[in-house]
Structures are given as structure tokens and as C-alpha cells.
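As C-alpha cells, the structure follows; a few thoughts come after it.
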Amino acid sequence: WRRAGRVTRRVCVCLPASKWLLLPHRVGAEREERREKNSNTARNTATPAPSAGSASEEDPARRGEGRLPFPFRADPAPQMNSVRATNRRPRRVSRPRPVQPERNNAERDEDVPADMVAEESGPGAQNSPYQLRRKSLLPKRTACPAKNSMEGASTSTTENFGHRAKRARVSGKSQDLPAAPAEQYLQEKLPDEVVLKIFSYLLEQDLCRAACVCKRFSELANDPILWKRLYMEVFEYTRPMMHPEPGKFYQINPEEYEQPNPWKESFQQLYKGAHVKPGFAEHFYSNPARYKGRENMLYYDTIEDALGGVQEAHFDGLIFVHSGIYTDEWIYIESPITMIGAAPGKVADKVIIENTRDSTFVFMEGSEDAYVGYMTIRFNPDDKSAQHHNAHHCLEITVNCSPIIDHCIIRSTCTVGSAVCVSGQGACPTIKHCNISDCENVGLYITDHAQGIYEDNEISNNALAGIWVKNHGNPIIRRNHIHHGRDVGVFTFDHGMGYFESCNIHRNRIAGFEVKAYANPTVVRCEIHHGQTGGIYVHEKG
């Protein structure tokens, strides 16, 4: 519209809500800045006042250039302008607001589109002291750009959408930083042989921590050779001893095992326990830094000290008896302990426990779930006469106890008393894979209502019978090899009973099986042959 000889442009700018919130603040700040600049210019420059006739031509402020484009009403009567100008309300001055940091001319020009620049170029545009910053019009967005057109989106966001690209949002989580050169070389480029050599100086806990570093370290730290060295250092076994459940131990061949690292698996199963290793306890406790991480392992010099540690609840009751000969130790077991030999090669031949004055092992009430395995148990008295050793044995199992005897070699050189004596109500042991041979009396003696399970044992070359069952004893005997006895193979008498299944009884000096004096055993699927006086001999009310 034309008004009082001046041309006023009306510009409509469509801005989003966020721009409308920011616009009054910017306009007010720039307006105050312009006023301060004009006042300084007028104060410092002595300029003659313009005449009234040339106000519309020389004074850009009076011409209205650079002012805010307020939308005025169309006035068809120019003659009323003077009246309206006198009655017009004074313009409201905005409050001073904090000045926003200015940008340079290049940045300002980027925000103004080409058509707006063309409109502002006119008479007096370059001489105007007011430089009103105007927002560009936003073009209409497209629905969804194609995939190939999104490659350069990061560089042309301002051009396509008319505003600056958003800053990348910084996540609260830690960013993956690039590895240092030394760390990268150690984890990725160091040869496997060098890493394995370094790992060979670590103990088991440090080796497990190293396996958590990266995938490569995990594979190298689980190398069977490393764990075999640690395993043999602690347990001395040349083949892994598996312990899958209480009361069950067995050795395996590593090449035939289904898991890739049986040494580590066995180490985990046997880790918490006490070790009886004469002479090593002092060295172990005097070098805590060398054996750091093995606090769960305890070392003793004698079996009696280890049993005392079980009673004081220092550990759970797993005792490893290492290679050596242990003589005249009083071993009375009245708790559910587990005692197993630990030695290279054939374990039972390297771990020998003997006594010359009393029964070597005595199981008392309270040892229901005790386990003894992989060792040689001997009773070898100095005086082999019957005067002082009438009731002593290698193994003595009394009332109300049911231990497990596994993979043991049992010998007795006493002429009185058996190698294994099971007696009393509730005596119910499990004896399996044992060798009861070369005894100077009875090999296995079961009496006084005792029971038990006896499987896969080798019973041979005993001075009297290989097995005695009397006085209502009722054992279960399966798959035993009873041979070359210097007397009868199996002798049941005085109401002795029992169940004998799949036994091989042969080459005994008298009958293979003798039944007398109201004995009533059950014998099924047994091979009884080559007895010098007969196979089965039943007589005297048997």
C-alpha cells in the first residue's frame, strides 16, 4: 500500500512453532542494537539536520526502510493521515533482552533465500542502518526419499529442508574407544606360541580372568596343555579324575572324552579340598604370593590332622592323600568324609596306608556316606601271632554305617582276623573294584546281621576262605572273581545267607562253594569250576 508517500511491503513468513517462539526475542534484541548504533552515529558525526521536504528521500529511518513489516490497514483517504498520526498510540518499547551471538555475513546469507534477497535489493537497501534478519521459507517435505538419494543426506540437509542439520545425540552409554596400539598388538597380532608361553606362568584363577578379556584369549586360555600342567601340579593324576556326584570317582582317557578340555572340568570338580602331602605344607604357607588364588586349598602333613580339620569345619571333607607311605596313623572315621589317593600312574600302588598295632581304618556310626578310594590299605603287625591281634583288620565296618570302598588294594599279614570285617546291625557298606588278596586269613568276613553290596572285586590267594558269611549275615555279591584260594572259595555257615550272582569261582583248594550249619544262600548265574574237591558242597544241615 501507499501511505504518506512511502511504500510499505507486507511480507508473510510461515515458520514452525519453535521459530515463532524465538522470533520476538531476536527482533527485540536487534531493534535495541540498531537504536544504540544510530544514537552513537548521531552523537559522533556532526551531520546537518535534513529539511522537512527531503525527509522522505534522505532519512532512511523516516522512509521506513528496515522497520518491522507490521500489517497496516488499507486507508483509502490519504488526507486523514495527519489526524491518525496524531491520535496514534505511542509505540511500545520492548524490554532489553540478552543479546544473542551474531553470526557473520556468510552465515546470514545462507539463511535468506534468493527471492528474499532480490526483494530487499532496492533504493537505499545498502545504505540502510537496519539489517533485519529474516527466516527462509521452508519448502514442503517429500514423503520418503529413495535409498540412493540418502547417501548425501548428511551434507545437504540444510539445502533440502531449509534448516540446519541436527546435532548427533550423544548417548549416556560409554562409546567403544579404539584400542591402543600396544593393546591391539597384544590381543590380535602377538603369536599364539608367545601368548601360551605367557599364560603358562599363571595359576588357575588368573588364567580364568585372562579368558574374559577377548575371544582369542578365551580360546588360548582354555588350552588343554595349560590346564594339564596345572592339574598335575595340584593333584598329580596323569589322567583326569572325574567327580560328577558325591561318592563317585573315575578316571578317563582324555582323547576319548566328549568335552574338549577334561583337565579343566576335573579341576573344577576337585578344586575345594584338603591335601595330605608331607613336607609341602610348610612351603605352601610360607609363600603366599606364589600360590595366590589357592586359598580354598589346605595342606596337611598327616591324615590325622586332615581329619581334625574336617571336625573343625575348615573345609567340606574332601581329602586328597598324595604319594607316600603313611604308617601307624589312627584313622577313625565318624563323619561323611571323602578320602581319595592322588598320585601319578596307578594311584593305588603309590598311596599306601598301613598300621602295625591297630585296625588301619575303622568306620563308626556317623560315617553313612563316607568314601575311601584309590589307595592301598594294609595291616602289617610286627608280631603276627594270635596273642595281640585277635580283633584287628585292615578295614573294620561297625554298626549303622554304610561307607563306600572303591578301587582299593587290601592286604593283611595277620594270621588272626580278616582283611575286611563287616559286623553289626545296620552295617551296609558298598565295596567295589577292590583287590582283596594275599591275606593270611579270611579275605571278606560278613557276620552278625550285616549286609552290604560287593561288586566287581578280585578275591584271591587267601589262606582261608575268600568270603565268610555267618550268623544271619545277608550280603549281595555280584560279579566277583574268587579264585586260587588256599581253602574254600565261599563259605556260609551258622545261619549265614546272601545273594550270589554272576560270580566266577574257580581253582580253589577245597570246594568252590560250601554250605553248612543251617546256612541258606541264593546262588544264581555263577560259574563254579575246577574245585579240587567239588563245585558246591552242602552238608551238616546246610
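Everything quoted here is computed from the prediction, not taken from an experiment. The analysis underlying the following values was restricted to heavy atoms, covering all of them including side chains, and did not include hydrogens, waters or symmetry mates.
- Looking only at side-chain heavy atoms (C-beta outward), V321 and M339 come within less than 4.5 Å of each other.
- Within a 6.0 Å sphere centred on CD1 of I225, heavy atoms belonging to other residues, nucleotides or ligands number 12 at most.
- Side chains of N462 and S437: no donor on one and acceptor on the other come within 3.5 Å.
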(message) For N380 and T413: C-alpha separation, side-chain torsions, deciding distance, then whether side chain to side chain donor-acceptor pair (under 3.5 Å) applies.
(response) CA-CA 5 Å; N380 187 21; T413 60; 2.8 Å; yes
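- Ring pair F267/F235: centre-to-centre distance below 6.0 Å.
- Tested against H275, the residues V234, I319, L318, L298 include a single side chain to side chain contact (heavy atoms under 4.5 Å, CB included) partner, V234.
- Looking at R294, K264, K292 one by one, the single match for salt bridge (Lys or Arg N to Asp or Glu O under 4.0 Å) with E204 turns out to be R294.
- Ring orientation note: the planes of F363 and F361 are close to parallel, at an angle under 30° on the 30°/60° scale.
- Residue F513 is tested with V538, T492, I482 for a side chain to side chain contact (heavy atoms under 4.5 Å, CB included); the sole match is T492.
- Between P344 and T238, the shortest heavy-atom distance links the atoms CB-CG2, 3.7 Å.
- Looking only at atom types and distance, the side chain of N457 has a donor-acceptor partner in the side chain of N480 under 3.5 Å away.
- Two rings, from F217 and F199, have their centers less than 6.0 Å apart.
- A side-chain donor from one of H483 and E458 sits under 3.5 Å from a side-chain acceptor of the other.
- Counting only N and O atoms by type, the side chains of N471 and D448 include a donor and acceptor under 3.5 Å apart.
- For T302 and Y326, the side-chain atoms include no donor-acceptor pair closer than 3.5 Å.
- No side-chain N or O of E455 forms a donor-acceptor pair with one of H433 less than 3.5 Å apart.
- A distance below 6.0 Å separates the ring centres of Y291 and H283.
- Aromatic ring pairs are classed by plane angle as parallel below 30°, tilted from 30° to 60° and perpendicular above 60°; the pair Y231 and W263 is perpendicular.
- Classification of the W468-F493 ring pair by plane angle, with boundaries at 30° and 60°, yields perpendicular.
- No hydrogens or angles considered: a donor-acceptor pair under 3.5 Å links the side chains of K541 and Y518.
- The residue from I528, T522, V490 that alone fulfils the side chain to side chain contact (heavy atoms under 4.5 Å, CB included) condition with F500 is V490.
- A salt bridge is defined here as a Lys NZ or Arg NE, NH1 or NH2 lying under 4.0 Å from an Asp or Glu carboxylate O, and R507 with E527 fails to meet this definition.
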(message) Working note: I477 + Y499, criterion side-chain contact (heavy atoms from CB on, under 4.5 Å); need CA distance, chi angles, decisive distance, verdict.
(response) CA-CA 6 Å; I477 299 177; Y499 181 80; over 6 Å; no
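- Ion pairing between a basic and an acidic side chain is recognised when a charged N comes within 4.0 Å of a carboxylate O; K197 and E193 show no such pairing.
- The distance between the ring centers of H506 and H481 falls below 6.0 angstrom.
- Heavy-atom contacts from other residues, nucleotides or ligands closer than 6.0 Å to NZ of K277 number more than 12.
- Closest of all the heavy-atom pairs between I410 and C394 is CG2-CB, 3.7 Å.
- A salt bridge does not link R478 with D456: every distance from a Lys NZ or Arg NE/NH1/NH2 to an Asp or Glu carboxylate oxygen is 4.0 Å or more.
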